Structure formats: structure tokens, C-alpha cells
Amino acid sequence: MESLVQQHRVLIAPSLLSSNFARLEEEVRRCERGGADLLHIDVMDGHFVPNITIGIPVVRALRQITDLPLDCHLMITNPDRYIEAFVAAGANAISVHVEVSAHLHRTLQQIRAAGAFAGIVLNPLTPLSYAFEAAEHCDYILLMSVNPGFGGQKFISSVLRRIEQLAAFLEQHQLPVPIEVDGGIDATNAEAVVRAGASILVSGSGIFRGGTVEQNIARLRDAALKALPVV
Ligand code: DX5
Ligand code: ZN
């Protein structure tokens, strides 16, 4: 994950949750044409979050039509049970919520052993200390900027401070772990999110609702890159 970020500096990860599921392949092609770096896949179980979305068969179907890395965000209460199946289906990166993972170290090892990048996810008010403890065992850390469960919610701006704190911690401890941010991100706040220290931006409604996917990705990337020094 770190080497992917190094290569591109900021990664754009469209969240397929906001795409048209009846035309998923076309939506993926639009993401590819627009230069998306990852596809973000929101897996919800109706237990950890009050919504049910997509799962392993959809990941498998996506794997057959695209080479883009598949970034699976598991919002489910028992992720350990499904990790190998997600990787076998084609997941390249799997993140699990610290709020439901009683044996987080083991779960992260399990993800890596299965052959995927291992990430943790923190809800907007979950203490950052979880990320500090887990950082050396993670390939990326996802900070939620909405309460998970639905696309199209408003960005919670106090998360900017959390991104800064986590980025400072990682810098201080020389841990090159990319920070991903998810929820309510669009061209109006992408610069601030990257300036705070994020390098992977998830965006659902900002990419799939209104305008074209290609244009929305370009706008998001332009906004994000304003935060970085020109090299
Ligand atoms: C929320 C999901 C997000 C969401 C992003 O539970 O994890 O990935 O779909 O969508 P927007 O960008 O619309 O907030
Ligand atoms: Zn997500």
C-alpha cells in the first residue's frame, strides 16, 4: 500500500456503494477511464451497521472485469470468518473495524497471511490510541469521516484534527503507513483532508452523483493535489 501511495502520492478510491449497481461494469469502466487508483467496496452486514450491501460474489465478479486493486471495507461483526473468502474472491486490501475486532493483531496477521494488505478502520469518535497501538502491524489506517452505514452523508470536519494527530504520530515513529479517509469527501474538502495528512481518499456520492465520473475524479484529484508541494 505504501509503495502504491509513493508512486501516485494521493490515491483516489471511488466507493462503488454510490454507483448504479444495475450497471456496475459501466461504472467500473468510468472509474478506470477517470484514472481511479483503487475501487472501494463497502461490505455491510446489517449488524455492525444498520444497512446491508454487497459481499463476496460481487467482489469475485468485479475481479473478473478489472485489474484495479479492490479495497474491501468490512463493516461486519465477524470479519475473521470471511477474510480468506474475500481474498480468494480477489480482494487486494481488507480493512476491519477496531470496534468489532477483539483480537485485532490476530485478524491483521490473518489478512496478511491470506495475501492482502491489512488495514484497520476507526469510527469518527473511536479513540486514536487504537491506531497508535496497531500502526506497526497495519498496511494502512482508515479514519471514518462519517458514521458508517450509508453513502451521501456530510463530512464530519473534526476528523481533520484526528488525521493530523495520526499523521504526526506516524511521522514521529517513522511508520510509513498511509492514512485513508472515508465519508463525505468531495472536491470542496479534499485539499484539507490531504493537507491534514491523508493519502488515500474514498469518495462515493462525490464521484457518482452529479456530473460524470471521469470529471468528478479529475476534480477530486486536482483539489487533493493542491495540498502537495509541486515536485
Ligand atoms: C460509509 C462507507 C463509505 C461511503 C462513502 O459507510 O464506508 O465508503 O460509501 O460515500 P460518500 O462519499 O457518499 O460519503
Ligand atoms: Zn467505506
Side-chain angles (χ1 to χ4, degrees), residues 1 10-21 24 27-28 30-31 34 36-55 58-59 62 68-77 79 82 86 91-101 116-126 140-160 162-163 178-194 198-211 213 215-217 219-221 223-224:
M1 214 61 164
V10 174
L11 304 184
I12 305 291
S15 162
L16 292 178
L17 186 60
S18 297
S19 71
N20 180 348
F21 286 173
L24 204 46
E27 297 283 50
V28 170
R30 292 187 183 103
C31 292
D37 301 290
L38 308 169
L39 291 177
H40 184 83
I41 299 167
D42 289 303
V43 178
M44 305 188 191
D45 66 354
H47 292 274
F48 176 58
V49 289
N51 195 5
I52 299 176
T53 54
I54 53 183
V58 176
V59 173
L62 288 167
L68 281 175
L70 303 177
D71 167 32
C72 295
H73 173 192
L74 303 190
M75 287 160 274
I76 64 179
T77 49
Y82 303 100
F86 272 101
N92 301 92
I94 294 184
S95 58
V96 295
H97 273 263
V98 301
E99 299 85 1
V100 290
S101 297
F117 292 117
I120 59 166
V121 194
L122 277 71
N123 281 337
L125 296 189
T126 297
Y140 61 108
I141 297 174
L142 170 47
L143 295 183
M144 292 305 300
S145 42
V146 297
N147 294 299
F150 302 94
Q153 302 180 79
K154 192 175 173 311
F155 181 79
I156 299 171
S157 57
S158 58
V159 169
L160 290 173
R162 287 164 61 80
I163 303 168
I179 301 175
E180 180 172 23
V181 181
D182 182 7
I185 295 183
D186 58 23
T188 68
N189 53 28
E191 181 181 353
V193 171
V194 173
S199 50
I200 308 172
L201 304 185
V202 176
S203 177
S205 46
I207 286 179
F208 291 102
R209 300 284 154 85
V213 167
Q215 269 175 2
N216 291 335
I217 292 175
R219 283 194 191 121
L220 195 61
R221 192 183 297 284

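Everything numeric here is computed off the predicted structure, so don't read it as measured data. By convention here, the first residue in the shown sequence is residue 1. Read the numbers this way: they start at 1 and go in the same order the structure lists the ligands and their atoms.
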Can you sort out which atoms of ligand 1 are near [X], meaning under 4.0 Å from one of its heavy atoms?
X	answer
Met44	6 (O)
Asp42	2 (C), 3 (C), 4 (C), 7 (O), 8 (O), 9 (O)
Met75	6 (O), 7 (O)
His73	7 (O)
Leu17	9 (O)
Ser203	12 (O)
Phe150	1 (C), 6 (O)

In degrees, rounded to 10 degrees, what angle do His40 atom NE2 and Asp42 atom OD1 make at the Zn ion (ligand 2)?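 About 90°, to the nearest ten degrees.
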I need the ND1(His73)-the Zn ion (ligand 2)-OD2(Asp182) angle, rounded to 10 degrees.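 It rounds to 90°.
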Compare all side-chain heavy atoms of Ser199 with those of Leu11 and state whether any distance is below 4.5 angstrom.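 No; the side chains remain at least 4.5 Å from each other.
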Minimum-distance protein heavy atom relative to [atom]:
atom	answer
atom 12 (O) of ligand 1	Gly204 N, 2.7 Å
atom 14 (O) of ligand 1	Gly184 N, 2.8 Å
atom 5 (C) of ligand 1	Asp182 OD1, 3.5 Å

When you look for heavy atoms under 4.0 Å from ligand 1, do you find them on the side chain of Ser15, its backbone, both, or neither?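 Side chain only; the backbone of Ser15 stays clear of ligand 1.
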I want to know if ligand 1 touches [X] in the polar sense, i.e. an N/O pair below 3.5 angstrom.
X	result
Gly151	no
Val146	no
Gly152	yes
Gly183	no

Using the side-chain contact (heavy atoms from CB on, under 4.5 Å) rule, pick out the option among Met144, Met44, Glu180 that qualifies with His73.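 Going through the options one by one, the only one that passes is Met144.
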If only side-chain N and O atoms count, and only distance matters, is there a donor-acceptor pair under 3.5 Å linking Asp42 with Ser15?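 Yes, because at least one side-chain N or O of Ser15 sits under 3.5 Å from a partner of the opposite role on Asp42.
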